[in-house]
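Shown next, in structure tokens, is the structure this report addresses.
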Number of protein chains: 2
Amino acid sequence: MVQKSKPPAAANQPERRGEPERRGQPKRRGRPRAYEPDIALGKALDLFRKQGFAATSLDDLSAATGMNRPSLYGAFGDKRELYIKSYQRYREEAAASMVEIFRQEMPLRQRLERIYAAALDIYLSGDTGPRGCFTVVTAASEAVGDPEIRAMVLDGLTGLDKAFASCFRRAKEKGELPESADPVALAQIASATIHTIAIRSRARVPRKELEAIVKGAIDVMVGVGTRA
Amino acid sequence: MVQKSKPPAAANQPERRGEPERRGQPKRRGRPRAYEPDIALGKALDLFRKQGFAATSLDDLSAATGMNRPSLYGAFGDKRELYIKSYQRYREEAAASMVEIFRQEMPLRQRLERIYAAALDIYLSGDTGPRGCFTVVTAASEAVGDPEIRAMVLDGLTGLDKAFASCFRRAKEKGELPESADPVALAQIASATIHTIAIRSRARVPRKELEAIVKGAIDVMVGVGTRA
DNA sequence: GGATTATTTTGCGAGATGGTACAAAAATCG
DNA sequence: CGATTTTTGTACCATCTCGCAAAATAATCC
């Protein structure tokens, strides 16, 4: 019941005048934690991504995080809350790996290639097999029955749509797409391509094939109106 | 523990020379069933589609089908087998609702419109909310861990790809698409569009929006190379 | 050192879960 | 009618499930 990596001992600047806030090290009072919440949440996320909510027991989570059940409960709340926090964590990580690609200046085609490469990295990672996209996994399971979770999923879906849409709008302004191109429609195809590779990755379709799908989709998206 | 619709009493032709086969009514020997396997399987499918495998208990299934657990077990095997049979049933129904549209002669655009309309009917049906596509639901949950189920999912995915591909190939032969169009790439976009509306339907995106997505995708697919 | 605070640990308990054993029930056969 | 066959209904089991209470532990504060 102990996590591998010990708290990195970086917690040793007395920090006088300690505000109750977690500035530096406010010298917490009681028994120190035997785990790092961040890495525990990461382990929980891994499990949920692989197995889904219902198929993952608290014992599974306890074993994976190295925290026993009451600690888990104290740190994250009940199973559903832990799932929600895991999902938020996933969204943050996914966004972090994409935001740079969306921000930097580069040709449309290259941007799309990089985004899909990053997506594939996320979906195909995992020691025990590819784990797909957590948004898609959640949509397929908890989203129908749980309004709060559904709202988060919806937010994730539309967030991606918007990011792609602004990406195509910019490309159009820069003349990379013809006037007739519809950024919103293209964005939905781009999102759909994300979704299809997320699903196929769970069926263990090999990366090569997923990359071929991506390439075909990109060709269509950037090629609209430019041929024939 | 009794299903609504009684066995439709149509079972009353003595059928002499009864082979053991279920030709007509071989006059089964023991106590008659109190349920119809077909409608019970349908109810089980409904539940699995809504809740997924892990979140659906045998008690749920027992209540929904009107069969008690031993009968359920006797008729379909254990929970996993019942899930598999439910999925096969789903595939048969889905295929049945599509096959005519793929077979009949009609313009590409109309064919696509009809296919997506049929898909939306399937995904959005359900008294307690939309249930999405069972292939997608299964891909997102059981497919990673269960090789047999994964194979079925894969078969479902590629089946759709192939149907779309042949659809675009025919359209190209009929001159509805330019020579430069790539039927396989278009098919993958068509499949991706199916997947994206399946996922979004689970997030309760209203039908109007899904139809807008479909329309945009169709415009791109049939419009490749025909504008500008 | 003792009080306080925060966390871990053990363990429990009420209920659900998947699966099955077994007897009763309902039909046909002879 | 009795024998046979098939299905139903009840009851049960071993296990897992989630959540929590209570005690033990380890740190800081005074």
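Scope of the values below: all heavy atoms of this structure, side chains included, with no hydrogens, waters or symmetry mates. Reminder, nothing fancy here: chain letters follow the sequence lines and each chain counts from 1. Nothing here was measured: the structure is a model prediction, and the numbers come from that model.
If you measure from atom CZ of Arg31(B) to atom P of dA26(C), you get 5 Å, rounded to the nearest angstrom. Between Asp59(B) atom CG and dT10(D) atom P there is a gap of 14 Å when expressed in whole angstrom units. As a whole-Å value, the separation of Leu82(B) CG from dG18(C) P is 11 Å. At whole-Å resolution of the value, CG in Asp60(A) and P in dT17(D) are 6 Å apart. At whole-Å resolution of the value, OH in Tyr83(B) and P in dG18(C) are 14 Å apart. Between Met67(B) atom CE and dT8(D) atom P the separation is 6 Å, expressed in whole Å. When rounded to the nearest whole Å, the span between CD of Glu81(A) and C1' of dC18(D) equals 13 Å. Rounded to whole angstrom, the span from the CG atom of Asp78(A) across to the P atom of dT17(D) amounts to 16 Å.
Here the side chain of Lys79(B) is nearest to one of dG18(C), dT7(D), dA27(D), namely dG18(C). The side chain of Arg29(B) approaches dT4(D) more closely than any other nucleotide in the set dT4(D), dG19(D), dT8(D). The side chain of Tyr35(A) approaches dT8(C) more closely than any other nucleotide in the set dG19(D), dG19(C), dT8(C).
Remark: Ser57(A) is not in phosphate contact with dC16(D), judged by side-chain N or O atoms under 4.0 Å from OP1 or OP2. Close to dT7(D), at under 4.0 Å from its OP1 or OP2, lies no side-chain N or O of Ser71(B). Proximity of Arg33(A) to the phosphate of dT7(C): a side-chain N or O atom is located under 4.0 Å from OP1 or OP2. Of the side-chain N and O atoms in Asn68(A), one or more sit less than 4.0 angstrom from OP1 or OP2 of dT9(C). Between Tyr73(B) and dT20(C) there is a side-chain polar atom (N or O) within less than 4.0 angstrom of OP1 or OP2.
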Worksheet item: Should Tyr73(A) and Asp78(A) be marked as a side chain to side chain contact (heavy atoms under 4.5 Å, CB included) after you check the CA-CA gap, both sets of side-chain angles, and the distance that decides it?
Response: CA-CA 6 Å; Tyr73(A) 196 83; Asp78(A) 68 10; 3.7 Å; yes

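At least one side-chain heavy atom of Lys79(B) sits less than 4.5 Å from a side-chain heavy atom of Phe53(B). When side chains are defined from C-beta on, His195(A) counts as touching Leu157(A), because their heavy atoms get closer than 4.5 Å.
Across Ala165(B) and Pro183(B), no two heavy atoms sit closer than the pair O-CB, 4.0 Å.
Place Pro32(B) and Pro70(B) on DNA chain D by their nearest nucleotides, and Pro32(B) ends up nearer the 5' end. Mapping Arg80(A) and Gly30(B) onto DNA chain D via the closest heavy atom, the residue that lands nearer the 5' end is Gly30(B). If you find the closest nucleotide of DNA chain C to Leu58(B) and to Arg69(A), the one lying nearer the 5' end belongs to Arg69(A).
Distance alone, capped at 3.5 Å, is enough to place a donor-acceptor pair between the Arg111(A) side chain and the Gln104(A) backbone.
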